[in-house]
Amino acid sequence: MKVIFILDYIGVFVFAMSGILTASNKKMDFFGGYIIAFVTALGGGTLRDLLLNIEIGWILHTEYIYIAIAGATFALLFKKAFKYFSRTLFIFDTIGISMFTILGVQKALSMELPVIVAIMLGVITATFGGVIRDILSTEIPLIFRKEIYATACIAGAILYVILHQFQVAESLNMILSGCLIIGIRTIAVVKKLRLPLLNGNI
Amino acid sequence: MKVIFILDYIGVFVFAMSGILTASNKKMDFFGGYIIAFVTALGGGTLRDLLLNIEIGWILHTEYIYIAIAGATFALLFKKAFKYFSRTLFIFDTIGISMFTILGVQKALSMELPVIVAIMLGVITATFGGVIRDILSTEIPLIFRKEIYATACIAGAILYVILHQFQVAESLNMILSGCLIIGIRTIAVVKKLRLPLLNGNI
Amino acid sequence: MKVIFILDYIGVFVFAMSGILTASNKKMDFFGGYIIAFVTALGGGTLRDLLLNIEIGWILHTEYIYIAIAGATFALLFKKAFKYFSRTLFIFDTIGISMFTILGVQKALSMELPVIVAIMLGVITATFGGVIRDILSTEIPLIFRKEIYATACIAGAILYVILHQFQVAESLNMILSGCLIIGIRTIAVVKKLRLPLLNGNI
């Protein structure tokens with residue numbers, strides 16, 4: 001369980017960074033930025049916990065709130081050190097979705113929910129925070145843009161579930177599935193891969 | 001209870017079609033389209049179940065997930081057969097809201113909640129999926145546009161509650177209330193009826 | 001407990017007014033306006049109750065629904081009497097957020113949740129209804145614009161928690177914290193104070 005918490009903490013920290021940097025690009029004010037950071041970091045997990053009808057993570061464990069605040073503050077303080085803003089945002093975002101996908105899948109599997117539900121909850125945990133961030137920033141959600149985003153989460157979630165079925169050790173499974181998500185998304189962005197658009201010839 | 005499930009399945013199927021066709025019009029990518037389909041089909045019911053504090057439908061009954069995927073895939077495959085895109089979207093949307101309104105009202109009444117709550121939950125079940133779909137597609141939600149939309153749901157929900165009070169058989173009640181919703185909306189669109197705008201002289 | 005209910009009623013009434021007047025400015029139709037009113041008035045409290053996993057206020061106490069409808073209707077009827085529309089909206093909004101902040105904090109404290117959670121739930125109760133209203137109206141949420149908005153709620157929530165710690169009588173605490181919120185926001189708007197923007201030199 002310990003590793004799960006640490007990964008969750010890292011995910012919250014980097015998603016809070018991603019949130020406040022987005023808000024900063026949008027010239028929002030101070031508290032507006034912290035709210036976007038909070039929503040980005042904890043929105044996906046909050047929805048997952050609501051859907052699972054379990055107590056909300058950050059209400060039960062208030063350290064999540066402080067970690068989100070810390071992540072946002074850290075990003076603000078060292079903002080100037082990030083030379084390539086959009087690239088930095090991309091890296092944080094990618095690490096974040098890989099952590100959150102795996103955590104969502106794990107939580108659902110630990111409650112012995114069906115595999116398809118576990119995959120969906122993984123994807124929801126990973127993507128929903130970013131979707132709310134984008135909606136609040138009046139951006140078209142990143143998830144629907146040309147980058148391969150949800151696809152990476154779905155692939156990672158499916159790999160995790162398969163390796164789990166074959167009883168691969170949890171920590172190894174996390175590393176493999178996490179790397180798959182980060183790998184797919186990075187390759188997709190570097191190579192400018194796209195999924196076929198829906199109005200094309202499918 | 002059986003009929004309820006079948007109607008719910010139909011509603012999910014057609015709302016998934018409506019969702020992915022909207023995404024297709026927006027030139028979203030493959031998985032983005034499926035996510036919009038899923039949210040459109042299951043978002044309203046998910047909110048209803050959250051508000052009622054009962055287990056989420058598609059977590060308990062995973063067939064909902066597969067039906068949403070099937071509906072979206074069906075719409076993609078036979079897209080070219082739909083000559084009049086916007087009309088097709090309209091028909092699916094209208095059938096969907098009529099199913100979902102009635103199901104939301106029924107669920108609330110079966111939990112012996114007050115009539116006003118049942119009406120509200122019917123309208124929420126019917127309209128919320130579409131509202132999220134439109135927000136995610138950065139459209140002004142259809143519900144607030146000139147077509148008579150929520151109005152039809154409210155009328156159908158009220159009729160259902162009244163007939164329920166007079167102990168009309170459930171299946172007959174469903175047909176009558178469902179037809180009222182479909183009828184009001186169809187007439188409104190065909191005749192280009194509008195509700196008075198709020199800045200006019202009311 | 002009685003005073004809490006009355007304050008909550010006032011908050012719902014004025015937020016419903018604020019909601020329908022926003023919808024009216026956007027030239028939405030009749031029912032669209034009522035839905036925006038309902039969401040604005042009850043959205044924040046609904047999210048708070050979902051997060052706390054307690055029964056939703058307006059499902060348990062249906063008078064909330066009628067108060068929201070009454071507030072919206074009142075605003076429509078006397079719309080012409082409001083000479084300065086935007087100022088009226090501002091006043092209602094400010095009273096509303098001050099009521100809701102305090103109620104959110106109180107509810108969390110009464111459940112013996114940590115102080116930081118109480119503050120966050122106060123801010124969520126106060127601001128979330130307005131955020132949904134703005135998103136549905138395709139406006140950039142007011143909370144992220146230049147006015148000091150969330151800041152006032154956070155200050156009021158913190159004051160309430162501190163005075164609560166010093167066992168100041170609840171009613172006095174409510175008045176003081178409520179006035180702080182209204183005061184900060186009014187001064188900020190009158191003096192055109194702003195928080196530093198995030199892309200400036202912090």
Side-chain angles (χ1 to χ4, degrees), chain A residues 46-54 56 104 107-108 111-121 123-124 126-128 130-155 157-158 184-185 188 193-202, chain B residues 17 19-39 41-43 45-47 49-69 72-80 85 131-141:
Chain A
T46 299
L47 180 60
R48 178 200 59 214
D49 294 343
L50 282 175
L51 293 174
L52 290 173
N53 205 9
I54 59 179
I56 309 300
K107 211 161 218 174
M111 293 174 71
E112 303 193 348
L113 290 168
V115 158
I116 182 81
V117 173
I119 293 171
M120 303 225 54
L121 285 173
V123 176
I124 288 172
T127 60
F128 194 78
V131 168
I132 312 179
R133 175 198 62 207
D134 294 340
I135 290 174
L136 292 179
S137 317
T138 62
E139 288 269 339
I140 301 171
L142 190 62
I143 194 177
F144 304 124
R145 280 186 247 159
K146 291 153 200 163
E147 292 165 31
I148 291 188
Y149 189 96
T151 314
C153 298
I154 294 170
I158 290 173
I184 289 178
R185 185 140 186 251
L193 295 182
R194 307 175 172 195
L195 282 181
L197 297 184
L198 279 177
N199 68 333
N201 298 319
I202 297 168
Chain B
M17 293 176 73
I20 207 158
L21 291 176
T22 302
S24 177
N25 281 343
K26 286 270 169 180
K27 304 192 181 178
M28 289 188 187
D29 72 17
F30 203 70
F31 273 113
Y34 274 89
I35 289 168
I36 298 279
F38 185 79
V39 166
L42 299 172
T46 300
L47 180 60
D49 294 344
L50 282 175
L51 293 174
L52 290 173
N53 205 8
I54 58 179
E55 214 170 330
I56 309 301
W58 56 268
I59 291 183
L60 206 58
H61 303 284
T62 50
E63 67 267 27
Y64 283 110
I65 301 173
Y66 297 112
I67 290 167
I69 294 171
T73 307
F74 179 83
L76 279 190
L77 291 177
F78 295 97
K79 209 171 64 172
K80 286 179 182 168
F85 240 58
V131 168
I132 311 179
R133 175 198 61 207
D134 294 339
I135 290 174
L136 291 180
S137 316
T138 62
E139 287 269 339
I140 300 170

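Chain A is the first sequence line, chain B the second, and so forth, proteins listed ahead of strands; every chain is numbered from 1. From a predicted model like this one, the values you see are computed outputs, not experimental measurements.
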**Student:** Hey, what do you get for CG (A/L50) to CG (B/D49), rounding to the nearest 0.5 Å?
**Tutor:** 12.5 Å
**Student:** Please classify the contact between A/I124 and chain B as side chain, backbone, both or neither, with a heavy-atom cut-off of under 4.5 Å.
**Tutor:** side chain
**Student:** Under the side-chain contact (heavy atoms from CB on, under 4.5 Å) rule, collect the residues that match up with A/I154, sequence neighbours excluded.
**Tutor:**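 For A/I154, the residues satisfying side-chain contact (heavy atoms from CB on, under 4.5 Å) (neighbours in sequence not counted) are A/V123, A/I158, B/F31.
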**Student:** Among A/N53, A/L113, A/I116, which residue meets the side-chain contact (heavy atoms from CB on, under 4.5 Å) test with B/I59?
**Tutor:**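 Considering A/N53, A/L113, A/I116, a side-chain contact (heavy atoms from CB on, under 4.5 Å) with B/I59 is found only for A/L113.
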**Student:** Does any part of the side chain of A/I135, heavy atoms only, come nearer than 4.5 Å to the side chain of B/L136, both counted from C-beta?
**Tutor:** yes
**Student:** Over all heavy atoms of both residues, which pair between B/W58 and A/V117 is shortest? Give the atoms and the distance, please.
**Tutor:** O-CG2, 4.0 Å
